[in-house]
2 protein chains.
Amino acid sequence: MARRTKARAGAAAGAGAGARAGATPERIVGAAVRLFAAKGFDATTVQEVVDAASVTKGALYHYFGSKDDLLFEIYRSLIGRQMADLDRIVAARLDAATTVRRILVSLVETTAESVDETAVFVREMHRLNADRMTSFRAERRRYHETFRSVVEQAQEAGEFSSAVPADTAVLIALGVVNQLPTWYRPDGPKSPTQLGAEIADFILAGLRP
Amino acid sequence: MARRTKARAGAAAGAGAGARAGATPERIVGAAVRLFAAKGFDATTVQEVVDAASVTKGALYHYFGSKDDLLFEIYRSLIGRQMADLDRIVAARLDAATTVRRILVSLVETTAESVDETAVFVREMHRLNADRMTSFRAERRRYHETFRSVVEQAQEAGEFSSAVPADTAVLIALGVVNQLPTWYRPDGPKSPTQLGAEIADFILAGLRP
DNA sequence: AGGGGCATACCGACTGGTCGGTACCTGGGG
DNA sequence: CCCCAGGTACCGACCAGTCGGTATGCCCCT
């Protein structure tokens with residue numbers, strides 16, 4: 001395993017003059033996400049990715065060191081967005097109920113608009129190599145801990161019931177969201193915001209003292 | 001794609017006289033589950049499966065028509081067990097709260113003792129071919145509907161709050177369980193029964209009128 | 001102003017290795 | 001003696017990644 005990983009690439013955008021409509025690296029990642037979500041990482045060939053992105057293998061390997069790098073790029077951008085949202089919400093220092101509600105609504109919204117990314121993520125994260133797996137776990141742990149401490153502090157302050165461990169509540173909340181790609185349909189009757197609100201209602205009802 | 005699929009095999013068990021300690025087909029499926037859970041379906045070679053099961057390719061293809069059949073066998077037995085549990089619990093016709101509690105505890109217990117199967121299932125179900133996907137969806141739908149109608153009837157009877165749609169409550173409950181393989185560790189501090197109880201408490205708290 | 005030197009972006013035929021599946025063989029119990 | 005669980009050698013397809021090459025700027029020196 002452990003290939004060389006050119007390490008350059010990433011989102012080296014168009015640079016030059018007027019960034020063209022579809023910058024090549026972004027087109028490649030976009031096609032990859034769609035295909036990986038539809039058929040799985042291993043079942044998708046590099047050739048299919050480049051065909052879907054209307055580029056050639058040369059272009060792909062010019063920007064990405066390996067097929068795995070493509071996968072990692074998908075994770076990085078998704079986790080980045082989610083962590084940023086979480087930090088922003090927690091930093092606002094609102095009351096616990098509002099904070100929990102905002103976290104869940106925002107999470108459901110992001111997940112809904114990135115169903116493919118999330119589906120790939122949930123299904124294929126175990127393919128990360130040791131290094132990346134470690135850094136990924138650290139991020140996820142941070143997300144989990146941040147969320148948990150919001151719940152825990154509210155429990156200590158008596159704002160939330162302590163009947164159920166904060167851990168369990170967080171696990172339940174994040175569980176739904178990660179499963180969302182299996183049942184969510186963009187053309188379904190409920191908007192992501194509505195869904196997020198319903199989920200938040202339920203979780204908050206479970207935490208009511 | 002679409003290979004021929006011999007269609008024989010399945011769980012042709014030991015049949016004959018005294019089922020030996022490790023009947024060959026069971027050993028093969030057991031090894032496959034472990035490997036698929038650890039490395040993913042595509043990343044696991046048939047050779048690895050037969051080595052782990054201490055048999056040869058000839059034996060594997062004697063009992064199973066293809067690598068995909070192996071995967072399907074795993075799904076079938078897991079879904080079978082879960083549906084049987086659900087039917088048994090609902091047939092007892094206890095009050096809604098007890099029924100929901102029993103469903104969740106039993107589901108968490110089964111899932112915990114079949115973490116590998118569940119992990120494979122969640123990650124690889126999209127590889128099912130059209131026919132099998134259809135029959136699988138039908139089963140899942142039946143599970144979902146049965147569970148939902150328990151909640152819905154209790155809501156109509158005023159036993160449960162109607163603040164949140166029954167659908168959403170069920171989705172949340174099943175969401176945690178499917179995510180369980182990502183965080184559950186058999187040697188962790190909480191027993192499956194305890195975990196199931198905590199999850200049930202939380203869900204029931206959310207449904208309290 | 002112009003041109004040489006160099007970097008970036010991309011092309012696509014090719015390869016070395018791997019893997020699912022098959023054809024054929026064998027030994028022992030009924 | 002025959003049948004079937006199980007063994008073994010092999011095949012054909014496929015695929016990630018490579019590599020030599022081209023085209024198109026951009027910058028600096030004169």
Side-chain angles (χ1 to χ4, degrees), chain A residues 1-29 31-32 35-36 39-72 124 127 129, chain B residues 1-29 31-32 35-36 39-72 124 127 129:
Chain A
M1 309 249 164
R3 301 177 192 279
R4 64 196 182 86
T5 306
K6 280 174 191 166
R8 27 173 162 145
R20 271 181 303 118
T24 306
E26 281 75 10
R27 277 221 315 287
I28 295 174
V29 173
L35 288 164
F36 292 169
K39 325 183 15 171
F41 179 77
D42 290 295
T44 304
T45 67
V46 171
Q47 195 58 52
E48 287 172 331
V49 174
V50 303
D51 287 349
S54 303
V55 295
T56 58
K57 265 192 167 183
L60 189 148
Y61 282 96
H62 177 71
Y63 288 107
F64 301 94
S66 68
K67 196 186 174 190
D68 280 310
D69 281 12
L70 225 42
L71 195 57
F72 188 61
E124 320 275 2
R127 322 189 86 299
N129 64 36
Chain B
M1 312 231 166
R3 300 175 192 279
R4 68 192 180 88
T5 306
K6 279 175 191 166
R8 35 169 156 141
R20 269 184 304 120
T24 305
E26 281 74 10
R27 279 221 314 285
I28 295 174
V29 173
L35 287 164
F36 293 169
K39 326 183 14 171
F41 180 76
D42 289 294
T44 302
T45 68
V46 171
Q47 194 58 51
E48 288 171 329
V49 174
V50 301
D51 287 350
S54 303
V55 294
T56 58
K57 265 188 167 186
L60 189 150
Y61 281 97
H62 178 70
Y63 288 107
F64 301 94
S66 69
K67 194 187 174 189
D68 280 311
D69 281 11
L70 225 41
L71 196 56
F72 187 60
E124 319 277 2
R127 321 188 89 296
N129 65 36

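The sequence lines fix the lettering, A, B, ..., with proteins before strands; numbering per chain opens at 1.
- Rounded to whole Å, atom C1' of D/dA16 lies 12 Å from atom CZ of A/R127.
- Regarding B/Y61, its OH atom lies at a distance of 17 Å from the P atom of D/dT8, rounded to whole Å.
- Protein atom CG of A/L71 is 13 Å distant from nucleotide atom P of D/dA16, rounded to whole Å.
- At a threshold of 4.0 angstrom between heavy atoms, the contacts of B/S54 with the nucleic acid are absent.
- A/D68 has its CG atom 16 Å from the P atom of D/dC15, to the nearest Å.
- Between B/K67 and the phosphate of C/dG20, there is a side-chain N or O to OP1/OP2 separation shorter than 4.0 Å.
- Atom CG of A/D51 is separated from atom P of D/dA16 by 12 Å (rounded to the nearest Å).
- Toward the 5' end of DNA chain D, the nearer of the two residues A/V46 and B/K57, judged by each one's closest nucleotide, is B/K57.
- The residue among A/G58 and A/F41 whose nearest nucleotide of DNA chain D lies closer to the 5′ end is A/F41.
- Using a 4.0 Å cut-off, some side-chain N or O of A/H62 falls inside it from OP1 or OP2 of C/dA9.
- Note on B/T24: a side-chain N or O is less than 4.0 Å away from OP1 or OP2 of D/dG6.
- Contact annotation: the side chain of A/I28 approaches that of A/V49 to within less than 4.5 Å [non-hydrogen atoms, C-beta and beyond].
- For the helix from C/dA1-D/dT30 to C/dG30-D/dC1, the angle separating the two terminal helix axes comes to 0°, with each axis derived from five pairs and the value rounded to 10°.
- Summarising the geometry of A/R127 relative to A/D42, their closest heavy-atom pair is NH2-OD1, 2.8 Å, with the distance given to 0.1 Å.
- You'll find that the side chain of A/T45 is closest to D/dA16, out of D/dG6, D/dG17, D/dA16.
- Taking the side chain as every heavy atom from C-beta outward, A/L70 and A/L60 approach each other to under 4.5 Å.
- The interatomic distance linking B/D42 (CG) with D/dA16 (C1') rounds to 14 Å, in whole Å.
- Counting any heavy atom pair closer than 4.0 Å across all strands shown, B/T56 reaches a base atom.
- Remark: the backbone N or O of A/T45 is not paired with any side-chain donor or acceptor of A/K39 at under 3.5 angstrom.
- Using a 4.5 Å heavy-atom threshold, the side chains of A/Y61 and A/V46 count as touching.
- Contact of the A/F41 side chain with the A/L35 side chain is not registered, since no non-hydrogen atoms from C-beta on lie closer than 4.5 Å.
- Contact annotation: the side chain of A/D68 never approaches that of A/N129 to less than 4.5 Å [non-hydrogen atoms, C-beta and beyond].
- Atom CZ in B/F64 sits roughly 14 Å away from atom C1' in D/dG6 (whole-Å rounding).
- Rounded to an integer number of Å, the gap from A/L35 CG to D/dC15 P is 13 Å.
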